[in-house]
Amino acid sequence: MINQEIAKIFHEIAQYLEMEDVVFKPQAYEKASLNLEILPDDVEEIYKKGGIAALEKISGIGKALAKKIEEYLKTGKIKTLKELKKKTPVNIEELTAVEGLGVKRIKILYKKLGIKNLNGLEKAAKKHKIASLSGFGEKTENNILDGIKFLKRSKGRFLLGEILPNVYKIINELKKVKEVEKISEAGSIRRRKETIGDVDILIASPKPKKVIEHFVSMSGVVRIWGKGSTKASVRFKKEFDADLRVVPEKSFGSALQYFTGSKEHNIVLRKIAINKGLKLSEYGLFRGAKRIAGKTEEEIYKKLGLQWIPPEMRENQSEIETAKAHQLPKLIKLNNIKGDLHCHSHWGARLRQGFGGQAGKGKQGIENLIKTALEMGYEYVGISDHTKFLAIEHGLNEKQLTQQRKFIDKLNSRFMFHDSCFRILQGCEANIMADGSIDIKDEALAKLDFVIAGVHSQLKMSKERMTERIIKAMKNPNVDIISHITGRVIQQRDESEMDFDKILKVAKETGTILEINAHPSRLDLKDINIRKAKKMGVKMIINTDAHQPEQMYFIEYGVSQARRGWAEKKDIVNCLPVEKLLKMLK
DNA sequence: GCCGTTTTCGGCCCGACTGTTTTCAGTCG
């Protein structure tokens, strides 16, 4: 958390310096900010262990910035920012979020019109005060108003899971255009980041004009932002923006590499090119005027002396060094997954509604979960309903778990009768109480095929208590898996505070598996925690936490997140066949 | 303000588009 706080301050300082036309310093602050944001270890811990010297070891942090981090740790603020803010007291975060508005214009708006925030900006634009400023005009003013409108409705970023299905649709439609030779998503979508600003699509075509015409007239397009000869930006009815770029086929690889990013990854790649006497751009890799690569990404990475790097890893988080040493991990793939152990059947709710022995049926019932699992080509599915503490979710008690067991046994014997190896496992998602105990008796837990335990209440306790709480649950010999460990809900709820390193240590000792929850708004463990767990040799499982059968398709997002955390097939236990999986459990 | 198998000083990624200009600054990715 503290890393994020300091990262935000450095980012803001960078913007203020940019505003004042300071050269080079802004980039330095920006770089430091980004590095802090993705730093796996807490700067406070680093500082405690090694002081200023240890801080300086962080990439992008030198003497001056290390001092500023120390200042923040000691006083809770950084004077430099305060002074800069005094000079131009505006809400930079809010204003820069408006498309087309950067710090230079924000400064002018403040000096000339006293605009400090979104509200002031909107008022001034509506009164047509902006169009008359030198450097601004009618169109700029209208764009600002549009930008504000968009911002108010969409809050700027979307969950990957909200956007990706739309992107697949757009791509499928564009594939039908006969001038389209190659097509791919690019940008943060291709890197499968958990949230997405806008959609980037890349096409190879000899007739860019025709492709662009088709793109801007697609169904669902409500506004056309920009339409050049090789690119276009549009807004879709669902309130997200999409950029299309069209390049010749010989540049498709270099353009795909370039537009996939991340920015930081690309900067390093370009530097490598320069050191080799080459130049890398979206048009290709060049020696002088001669194009030596560009058609595919593979040949570009190869000519730079690197393995091809999967998009999910391209965050300049040591993937380039690893690719140079030809030691990239073989990332897990969607079709490695053999089953999903976290599926809710709503058995309890249906019991209450008087379905009795029929509780396995119905839209959300066990039989439909099985049907979906078979559709997905799984070898097993795990039924893990909530337990009694979660009365609101109709959590099951010990007796109801026994009833459910009988029902599941019956279903399994039916599969055996048909000579199928498909297996239904019975588990539960038990509740970890505030003191770390489990809401279901050990004898009942022991009878299940597996036990998931998760925190569902009192998410805001102190770091120490939360850590102890989870550790106690992991030490329970019946608890096999901890679900959505930090409790975060992306863009809605912060992570609970805990000592993750300590938790990993105990997970390793006790053989407890950590869940990568695939729900688009959870993705918990997140990428950097997955990477930490992998390093520690802690096993993980990718589960969907499906509350409806169709949500079992969320598995794709969990796999993407696992790939962002460098996870391989061997790190993820539900890549195992059922017998081996059961042996992994406590 | 950071960084270094060309450097402890002198570099810092690069191109396209927009809207405003009358040759270019600002913004974006």
Side-chain angles (χ1 to χ4, degrees), chain A residues 10 13-15 17-19 21-35 55-69 80 95-109 130-144 146-147 186-191 193 196-202 208 212 224-233 241-247 251 254-286 305 316 324:
Chain A
F10 282 176
I13 292 178
Q15 294 195 300
L17 293 172
E18 182 102 53
M19 188 184 267
D21 287 316
V22 177
V23 285
F24 300 118
K25 275 200 205 183
Q27 288 99 301
Y29 272 95
E30 206 64 73
K31 196 175 173 195
S33 169
L34 270 157
N35 285 337
L55 291 175
E56 280 183 48
K57 289 218 177 80
I58 302 168
S59 158
I61 306 287
K63 277 208 158 46
L65 293 189
K67 268 232 139 101
K68 289 196 166 65
I69 294 175
T80 312
L95 292 173
T96 49
V98 178
E99 182 84 18
L101 215 51
V103 288
K104 298 279 170 68
R105 283 175 170 169
I106 290 172
K107 186 182 177 185
I108 297 171
L109 290 169
I130 291 173
S132 55
L133 293 177
S134 88
F136 292 75
E138 272 312 304
K139 283 200 171 172
T140 309
E141 190 172 79
N142 277 329
N143 284 342
I144 286 174
D146 269 337
S188 52
I189 282 267
R190 184 158 179 251
R191 302 201 312 278
K193 274 199 75 168
I196 304 295
D198 58 15
V199 174
D200 291 296
I201 294 172
L202 183 73
I212 284 173
I224 300 166
W225 281 111
K227 205 172 87 176
S229 52
T230 60
K231 62 179 271 188
S233 306
D241 287 352
D243 288 339
L244 175 73
R245 327 241 172 184
V246 189
V247 297
S251 294
S254 47
L256 185 58
Q257 194 290 312
Y258 180 76
F259 291 117
T260 298
S262 66
K263 201 175 158 188
E264 293 67 35
H265 177 90
N266 285 356
I267 288 172
V268 178
L269 244 51
R270 283 187 178 210
K271 282 183 185 160
I272 292 176
I274 290 168
N275 284 337
K276 288 182 184 290
L278 307 172
K279 195 184 83 157
L280 178 63
S281 77
E282 57 260 55
Y283 300 108
L285 184 64
F286 295 90
N316 190 26
K324 202 171 180 180

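Below, chains carry the letters A, B, ... as their sequence lines are ordered, and counting in each starts from 1. Hydrogens, waters and symmetry mates play no part in the numbers below; they use all other heavy atoms, side chains included.
Atom-to-atom, CG of A/N142 to C1' of B/dT20 comes out at 15 Å; the value is rounded to the nearest Å. The CG atom of A/L244 sits 13 Å away from the P atom of B/dC17 (whole-angstrom rounding). For the pair A/Q15 CD and B/dG1 C1', the computed distance is 17 Å after rounding to whole Å. Taking atom NZ of A/K279 as the reference point, atom C1' of B/dC13 lies 11 Å away to the nearest angstrom. Counting to the nearest Å, the C1' atom of B/dC2 and the CZ atom of A/F10 are 12 Å from each other. Here the P atom of nucleotide B/dC17 and the CD1 atom of A/I212 are 9 Å apart, to the nearest Å. For A/E138 and B/dG19, the CD to P distance is 12 Å, given to the nearest whole Å. In this structure, A/H265 atom NE2 and B/dC14 atom C1' are separated by 16 Å, rounded to whole Å.
Among B/dG19, B/dG1, B/dC13, the nucleotide with an atom closest to any side-chain atom of A/K271 is B/dC13. Among the nucleotides B/dC17, B/dC2, B/dC13, the one closest to the side chain of A/A28 is B/dC2.
Across all strands shown, B/dT8 forms no Watson-Crick or G-U wobble pair with both key distances under 3.5 Å.
Proximity of a side-chain donor or acceptor of A/S251 to a complementary backbone N or O of A/V247 within less than 3.5 Å is not detected. For the pair A/E282 (side chain) and A/Y258 (backbone), a donor-acceptor distance under 3.5 Å is absent. Between the side chain of A/R105 and the backbone N or O of A/G100 there is at least one donor-acceptor pair closer than 3.5 Å. Side chain of A/D243 to main chain of A/D200: no donor-acceptor pair is present (N/O by atom type, distance under 3.5 Å, no hydrogens or angles).
The shortest non-hydrogen separation linking A/P26 to A/L17 is CG-CB, 3.9 Å. Closest of all the heavy-atom pairs between A/I61 and A/I69 is CD1-CD1, 3.9 Å.
Between the P atoms of B/dC12 and B/dC17, the separation comes to 25 Å (whole Å). For the C1' atoms, the distance linking B/dT18 with B/dT23 amounts to 15 Å, nearest Å. The P atoms of B/dT6 and B/dC2 are separated by 23 Å, rounded to the nearest whole Å.
A side-chain N or O of A/Q257 and one of A/N266 form a donor-acceptor pair less than 3.5 Å apart.
For the OP1/OP2 pair of B/dA16 and a distance below 4.0 Å, the side-chain nitrogens and oxygens of A/Y283 include at least one atom meeting the criterion. Contact annotation: A/T140 reaches the phosphate of B/dT20 (side-chain N/O to OP1 or OP2, under 4.0 Å).
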Open item on the list: At under 4.0 Å between heavy atoms, how does the protein contact nucleotides 21-29 of chain B? Give one character per nucleotide, 5' to 3', with B, S or -.
Closed with: S----SSSB
- [ ] Give the B/S/- string for nucleotides 6-11 of chain B, one per nucleotide from 5' to 3', where a protein heavy atom under 4.0 Å of the base yields B, of only the sugar-phosphate yields S, and otherwise -.
- [x] ------
Could you give the side-chain donor-acceptor pairs of residues 273-281 of chain A under 3.5 Å, partners two or more places apart or in another chain?
residue	atom	partner	partner atom	Å
A/S281	OG	A/Y283	N	3.0

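Looking at heavy-atom distances under 4.0 Å, A/K231 makes contact with sugar-phosphate atoms alone, never a base. Backbone-only contact: A/K68 has heavy atoms under 4.0 Å from sugar-phosphate atoms and none from a base. Residue contacts for A/N266: at a heavy-atom cut-off of 4.0 Å it reaches no nucleic acid atom on any strand shown. Here A/I61 lies in heavy-atom contact (under 4.0 Å) with sugar-phosphate atoms only.
With respect to the salt-bridge test (charged N to carboxylate O, under 4.0 angstrom), the residues A/D21 and A/K104 qualify.
If you find the closest nucleotide of DNA chain B to A/A66 and to A/I267, the one lying nearer the 5' end belongs to A/A66. Two residues, A/N143 and A/K63, neighbour DNA chain B, and the one matched to the more 5' nucleotide by heavy-atom proximity is A/K63.
Taking the side chain as every heavy atom from C-beta outward, A/Q15 and A/Y29 never approach each other to under 4.5 Å.
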